[in-house]
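Whatever order the structure lists ligands and atoms in, that order sets their numbers, starting from 1.
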Amino acid sequence: MAKVGFIGLGNMGLPMAGNLVKKGHEVKGFDIMEDNLTKAAQAGVKRVASAAEAAKDVEIVVTMVPTGKETLAVYEGSGVLQAAKKGTLFIDASTIDVGQARKAHDIAKAAGMLSLDAPVSGGTVGADGATLTFMCGGSKEAFEKARPVLEGMGRKVVHCGEAGAGQAVKICNNMMMAINMLGVCEGFALAEKLGISHQTLFDVVSTSTGNSFALSGYCPVPGPVPTTPANRDYAPGFMTKLMVKDLALSQSSSQDAGVATPMGAQAHAILRHYMNMVEGAPEKDFSSVANFVRVVKK
Ligand code: NAD
């Protein structure tokens with residue numbers, strides 16, 4: 001069993017750290033929000049007063065923060081690299097820009113640490129149930145050291161390649177998910193106008209060629225799949241502002257790589273427009289865009 005420092009105990013980090021405790025790992029946790037520290041302590045995580053303290057006397061430090069800005073702030077400005085022993089493995093599970101991920105690797109390496117970018121898919125349901133998929137970038141040594149701990153939080157752990165490769169796979173995944181979700185939302189909006197109930201559309205399409213995870217696993221209207229955010233007034237789940245962030249990452253990577261991704265660009269534009277137009281939208285689950293799609297008239 002490993003000694004782990006966990007930094008960032010939000011919607012994802014809190015259940016992930018809790019699962020490590022359940023699997024028998026010794027986990028110290030830090031978050032800048034007091035409320036999250038209290039919840040983590042209830043889940044058996046030893047709360048500490050700083051990121052640096054979380055990194056002291058552990059074998060592995062996991063960060064699960066909103067964006068690359070916070071990841072780099074933790075790596076560069078919180079004293080974690082000074083507090084950790086040489087050779088500690090730093091895993092960033094947040095979804096961040098490929099370039100920022102590579103920078104985080106460089107910073108860790110210069111301080112004599114091992115590092116891995118290991119973003120996840122599976123959402124809060126996967127974080128709660130320890131069924132996440134981890135997409136990892138970094139050396140084979142870092143990956144093999146991380147594997148037993150990642151397996152305590154997920155069902156599938158994949159080595160995608162060198163530094164930044166995990167983030168590259170992740171932003172492709174999220175671009176595909178957003179495009180699928182908007183397609184599902186448009187299908188429900190059209191079906192409603194044609195007099196078809198949500199349940200009827202779901203029952204047919206979820207076993208037909210129009211099916212996708214966005215429909216059968218993350219249905220954006222209440223009713224057909226009781227566990228989705230749509231059934232709890234779109235409490236996240238995955239906040240709209242985080243999906244907009246990921247779509248911005250995929251768009252900047254598309255530009256850098258010289259690849260046309262017009263569907264991804266459209267999904268980014270619609271979700272960004274929704275987020276800017278509707279009060280409260282940034283913090284709601286991104287599937288709440290169903291209500292926005294529904295009211296947009298030709
Ligand atoms: P969140 O905002 O709920 O949690 C992030 C936590 O990080 C917050 O509790 C915040 O207080 C903390 N934090 C920020 N800066 C910090 C710092 N300097 N030191 C310590 N703690 C700090 O977000 P989330 O939904 O848990 O997402 C975290 C990451 O996982 C994001 O990059 C997101 O894109 C990614 N992700 C989320 C989901 C999902 O379904 N929510 C799914 C896959 C990936």
Side-chain angles (χ1 to χ4, degrees), residues 5-19 28-40 43 45 47-55 61-80 83 90-98 100-101 104 117-129 131-135 150 153-154 156 166-167 169-178 181 213-214 217-218 227-229 232 234-250 271 282-288:
F6 214 110
I7 300 167
L9 300 161
N11 288 322
M12 296 292 288
L14 178 65
M16 288 164 72
N19 279 327
K28 291 196 276 179
F30 174 68
D31 195 291
I32 48 175
M33 286 169 69
E34 174 62 30
D35 200 30
N36 289 348
L37 280 171
T38 307
K39 287 185 201 153
V45 173
R47 56 180 288 171
V48 292
S50 68
E53 220 181 300
V61 176
V62 182
T63 40
M64 192 52 167
V65 292
T67 71
K69 192 171 131 230
E70 287 85 15
T71 296
L72 291 176
V74 170
Y75 277 44
E76 289 180 306
S78 72
V80 285
F90 279 73
I91 303 174
D92 184 32
S94 332
T95 306
I96 73 173
D97 175 69
V98 176
Q100 288 173 316
D117 53 291
V120 301
S121 82
T124 46
V125 175
D128 284 336
T131 57
L132 293 168
T133 295
F134 284 89
M135 297 153 250
L150 299 182
M153 302 182 280
K156 193 167 175 188
Q167 296 295 351
V169 173
K170 171 66 186 170
I171 57 170
C172 292
N173 176 78
N174 277 23
M175 183 177 79
M176 291 155 80
M177 172 58 166
M181 180 56 81
F213 176 74
Y218 216 105
T227 50
T228 68
R232 44 175 202 263
Y234 299 98
F238 188 44
M239 288 185 274
T240 306
K241 65 181 179 188
L242 291 179
M243 181 55 103
V244 170
K245 172 203 72 165
D246 291 357
L247 290 168
L249 297 179
S250 61
L271 277 157
E283 281 74 35
K284 288 209 167 195
D285 188 82
F286 81 107
S287 62
S288 59

Next item on the list: Applying side-chain hydrogen bond (donor to acceptor under 3.5 Å, both in side chains), name anything that partners D246, two or more places apart in sequence or on another chain.
Entry: N174
Next item on the list: Rounded to the nearest 0.5 Å, what's the gap from OG1 on T38 to CZ on R47? Could you check?
Entry: 5.0 Å
Next item on the list: Sequence neighbours left out, what passes side chain to side chain contact (heavy atoms under 4.5 Å, CB included) with A127? Give chain and number order.
Entry: M12, P15, M16, L132
Notebook entry, point to check: So do the side chains of V80 and F90 get within less than 4.5 Å of each other, counting heavy atoms only?
Noted result: yes
Distances under 3.5 Å, N/O of ligand 1 against N/O of the protein: list each pair and its distance.
from: ligand 1; atom 1: 3 (O); to: N11; atom 2: N; distance (Å): 2.9
from: ligand 1; atom 1: 3 (O); to: N11; atom 2: ND2; distance (Å): 3.2
from: ligand 1; atom 1: 9 (O); to: D31; atom 2: OD1; distance (Å): 3.3
from: ligand 1; atom 1: 9 (O); to: D31; atom 2: OD2; distance (Å): 2.7
from: ligand 1; atom 1: 9 (O); to: N36; atom 2: ND2; distance (Å): 2.8
from: ligand 1; atom 1: 11 (O); to: D31; atom 2: OD1; distance (Å): 2.6
from: ligand 1; atom 1: 26 (O); to: N11; atom 2: N; distance (Å): 3.3
from: ligand 1; atom 1: 26 (O); to: M12; atom 2: N; distance (Å): 2.9
from: ligand 1; atom 1: 32 (O); to: V65; atom 2: O; distance (Å): 3.1
from: ligand 1; atom 1: 32 (O); to: P66; atom 2: O; distance (Å): 2.8
from: ligand 1; atom 1: 32 (O); to: T95; atom 2: N; distance (Å): 2.9
from: ligand 1; atom 1: 32 (O); to: K245; atom 2: NZ; distance (Å): 3.1
from: ligand 1; atom 1: 34 (O); to: K245; atom 2: NZ; distance (Å): 3.0
from: ligand 1; atom 1: 41 (N); to: G237; atom 2: O; distance (Å): 3.0

Check: Does E53 have any side-chain hydrogen bond (donor to acceptor under 3.5 Å, both in side chains) partners at least two apart in sequence or in another chain, and if so, which?
Finding: none
Notebook entry, point to check: Are side-chain heavy atoms of Y218 and M177 found at a separation under 4.5 Å?
Noted result: yes
